[in-house]
Amino acid sequence: MFVKVCGLRTPDTVDAAVEAGADAVGFVFAPGSVRLIAPAAAAALVARVPDGVETVGVFRGQPIDEVLRLARAAGVGTIQLHGDEPAEHFARAAAAGLRTIRAISAARYTASGHAGDERLLIDATVPGSGATFDPAELPVPPTVDWLLAGGLRPDNVAALIAAFGPSGVDVSSGVESSPGVKDPALIRSFVAAARP
Ligand SMILES: O=C(O)c1ccccc1N[C@@H]1O[C@H](COP(=O)(O)O)[C@@H](O)[C@H]1O
């Protein structure tokens, strides 16, 4: 089970995610997020991440030139786009040597609409809110590689994996002691619960 821990902003929590065995760590560059991090600060955290652990920049509705500039400054290897971005944005990212994750709400998922995506993340309507989505919004889970996100926590992730059968999971609020403040112990508990 691929495990991503997102919205990291401090060295101790990046280290906790890596040591716990996370496959990916995420840094949020979407304006207005409580987890927003400056690219230079993110670059210092990316430098702590060993090869083999994916570094993901998270964006929402931003111009692709801004996305690429921030991704380059932070040194992340993957971008995650939450704003219904056009195919051209993904092509520009791939041309820049970046991997991509398309993030959509469960209510907007259609199999035909996402067959060609490299990787898909299916979230609740408001990303980063700590809310889960209604299972009725995803009657038939994707057959492509996909990440389950939205309100995941150490105490619910195993049941949600069993219910939806994703390729991976992605968490932010559920491993925080307060909005935007990651808790190393909760990070460790989440990774252990996601990969028993
Ligand atoms: O985390 C944020 O603040 C954020 C802001 C804008 C776009 C995406 C964001 N986070 C993504 O949402 C998922 C789910 O969050 P949560 O676990 O429900 O809090 C998170 O993993 C990020 O990929």
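FYI, the numbering just counts along the sequence from 1. Numbering of ligands and ligand atoms starts at 1, following listing order.
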By number and element, which atoms of ligand 1 are closer than 4.0 Å to a non-hydrogen atom of [X]?
X      : result
Ala30  : 6 (C)
Gly150 : 14 (C), 18 (O)
Lys4   : 23 (O)
Val58  : 7 (C), 8 (C)
Ser173 : 16 (P), 17 (O), 19 (O)

_Tyr109 side chain reached by Leu120 side chain, heavy atoms, under 4.5 Å_ = yes
*Within a strict 4.5 Å, meaning less than it, do heavy atoms of the Val76 and Val56 side chains meet?*
no
*Would you say Ile101 and Leu148 are hydrophobically clustered, going by side-chain heavy atoms of ILVMFWY under 4.5 Å?*
no
*Within the structure, does Cys6 bring an N/O atom to less than 3.5 angstrom of an N/O atom in ligand 1?*
no
Of the choices [options], which has the non-hydrogen atom that lies closest to [atom]?
atom                    : options                       : result
atom 2 (C) of ligand 1  : His82, Gln80, Arg35           : Arg35
atom 13 (C) of ligand 1 : Val28, Val5, Val175, Asp123   : Asp123
atom 3 (O) of ligand 1  : Ala131, Gly130, Ser33, Gly128 : Ser33
atom 8 (C) of ligand 1  : Pro127, Gly61, Gly7, Ala124   : Pro127

*Please state which protein non-hydrogen atom is closest to atom 17 (O) of ligand 1 and give its distance, to 0.1 Å?*
Ser172 N, 2.9 Å
_Nearest neighbour in protein (non-hydrogen) for atom 18 (O) of ligand 1_ = Gly151 N, 2.9 Å
*Output yes when Lys182 and Asp12 qualify as a salt bridge under the 4.0 Å nitrogen-oxygen rule, no when they do not.*
no
*Do Arg92 and Glu85 meet the salt-bridge criterion of a basic N to acidic O distance under 4.0 Å?*
no
*May I have the step-by-step check of side-chain hydrogen bond (donor to acceptor under 3.5 Å, both in side chains) for Ser173 and Arg35, ending in yes or no?*
CA-CA 10 Å; Ser173 306; Arg35 303 170 188 98; 3.0 Å; yes
*Verdict with reasoning, Thr13 to Arg9, per side chain to side chain contact (heavy atoms under 4.5 Å, CB included)*: CA-CA 7 Å; Thr13 56; Arg9 297 191 301 153; 6.0 Å; no
*Give the C-alpha distance, both sets of side-chain angles, the deciding distance and a yes or no for ring-ring contact (aromatic ring centres under 6.0 Å, His included) between Phe164 and Phe133.*
CA-CA 12 Å; Phe164 290 102; Phe133 59 77; 5.2 Å; yes
